[in-house]
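Here is the structure we will look at, set down as structure tokens.
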Amino acid sequence: MTQQNIVDTQGRRVSFVEEGEGPVSLVLVSARDLDGDGLGVVAHYLAEEAGFHVIRVSLQTEYAVAATDDLLALLDGLGLDDTWIGGHGFGGTVARAFAAAHTDRVNGLLLLGAEDDDTPLAPAIPVLIVQGSEDTVTPPANGERLQATAPERASVKSLEGADHFFPVTHPIETAVIIEEYLDWD
């Protein structure tokens, strides 16, 4: 079991788990408690098998702006100057907002089940969008529409037969897609 840590950012408590020490860092944003966010197996695989430095963060707020402020405070506290950032569903929307506001801190963006949101993709950073082919919450069309706004730097990968909870039901497949894409970075 990985140790959960808590930091206080602007009066809000932010939980996070840090695994691995590799040269590629990835912050995975969750809108749920880390014990039930569904990203644990994906993160553990990326840290242990792929050799990445992975930080899973729980930002339990309905406001993306507050979440991006908390995320920036956490990255500053960890001394992380730049990183890949991503998340599942709303966590991905927070990652998009963070990347748009802090492009100097983001190496790339990872969206697992992209929400239909007006937040534009940050300029000049690579984007990996992973969708479940049977996802009715964040349907594949969301990822395809988003990819069409930046076709030269955004890629969409689909997990056949997977629904919205593909990070839980297909964790290794999800992690391998991420590993193969980020491995070129």
- Task: Could you walk me through whether Ile85 and Leu26 pass the side chain to side chain contact (heavy atoms under 4.5 Å, CB included) test, one step at a time?
- Result: CA-CA 6 Å; Ile85 187 164; Leu26 170 62; 5.9 Å; no
- Task: List the steps and the verdict of side-chain hydrogen bond (donor to acceptor under 3.5 Å, both in side chains) for Glu115 and Thr93.
- Result: CA-CA 7 Å; Glu115 288 190 319; Thr93 301; 2.5 Å; yes
- I would like to know whether Arg105 and Asp76 meet salt bridge (charged side-chain N to carboxylate O under 4.0 Å, His left out); could you show each step before the answer? CA-CA 10 Å; Arg105 303 290 294 268; Asp76 287 344; 2.8 Å; yes
- Message: Let's go through Leu72 and Thr68 carefully: what are the C-alpha distance in whole Å and the side-chain angles of both, what is the deciding distance for side chain to side chain contact (heavy atoms under 4.5 Å, CB included) to 0.1 Å, and is it a yes or a no?
- Response: CA-CA 6 Å; Leu72 181 62; Thr68 60; over 6 Å; no
- Begin from the C-alpha positions of His53 and Glu18 and carry the test side-chain hydrogen bond (donor to acceptor under 3.5 Å, both in side chains) through to its verdict. CA-CA 7 Å; His53 175 216; Glu18 191 170 13; 2.7 Å; yes
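The same ILVMFWY cluster, assembled from side-chain heavy atoms under 4.5 Å apart, contains both Tyr181 and Ile178. Residue Val168 is not grouped with residue Val17 when hydrophobic side chains (ILVMFWY) are merged at heavy-atom distances under 4.5 angstrom, including chains of intermediate members. Both Ile172 and Leu159 are assigned to one and the same hydrophobic cluster, defined by single-linkage of ILVMFWY side chains at heavy-atom distances under 4.5 Å. Note on Val41 and Phe165: separate hydrophobic clusters, where clusters join Ile, Leu, Val, Met, Phe, Trp and Tyr whose side-chain heavy atoms are under 4.5 Å apart, directly or indirectly.
For Ala100 against Pro120, the heavy-atom pair with the smallest separation is CB-O, 4.2 Å. Of all the heavy atoms in Thr103 and Ala99, the pair that sits closest is CG2-O, 2.9 Å. Pairing each heavy atom of Asp117 with each of Arg96, the nearest pair is O-NH2, 3.0 Å. Residue Leu39 comes nearest to Pro167 through the heavy atom pair CD2-CB, 3.8 Å, listed as atom of the first residue, atom of the second, then distance. For the pair Pro23 and Gly51, the tightest heavy-atom approach, listed with the atom from each and the gap, is CD-O, 3.9 Å. When all heavy atoms of Gly108 and Trp84 are compared, the closest pair comes out as C-CE3, 3.2 Å.
A donor-acceptor pair under 3.5 Å links the side-chain atoms of Gln147 to the main chain of Ala154, judged by distance alone. In this structure, Ser133 contributes its side chain and Gly161 its backbone to a donor-acceptor pair below 3.5 Å. One N or O on the side chain of Thr83 and one on the backbone of Ser25 form a donor-acceptor pair closer than 3.5 Å. In terms of modelled atom types and a separation under 3.5 Å, the side chain of Thr174 and the main chain of His170 share a donor-acceptor contact.
In this view, Arg153 and Leu121, Ile125, Val127, Ala150 satisfy the side-chain contact (heavy atoms from CB on, under 4.5 Å) rule, not counting sequence neighbours. His164 is linked by a ring pair (Phe, Tyr, Trp, His ring centres under 6.0 Å) to His88, counting only residues two or more places apart in sequence or in another chain.
The CD1 atom of Ile177 sits 7.5 Å away from the CG atom of Leu128 when rounded to the nearest 0.5 Å. Going from atom CZ of Phe166 over to atom CD of Glu160 covers 12.5 Å, rounded to the nearest 0.5 Å. One distance of note links CG of Leu111 with CD1 of Ile129; it measures 5.5 Å at 0.5 Å rounding. Ile6 contributes atom CD1, which lies 4.5 Å from atom OG of Ser15 (distance to the nearest 0.5 angstrom). Between atom CG of residue Asp135 and atom OG of residue Ser158 there is a gap of 9.5 Å, rounded to the nearest 0.5 Å.
Residues His44 and Glu19 are in side-chain contact: their nearest non-hydrogen atoms beyond the backbone lie under 4.5 Å apart.
For the side-chain contact (heavy atoms from CB on, under 4.5 Å) criterion with Phe16, the lone passing option out of Val27, Leu71, Leu28, Asn5 is Asn5. When Val29, Leu75, Asp70, Leu109 are each tested for a side-chain contact (heavy atoms from CB on, under 4.5 Å) with Phe98, only one passes: Leu75.
Side-chain N/O atoms of Asp82 and Asn107 include a donor and acceptor closer than 3.5 Å.
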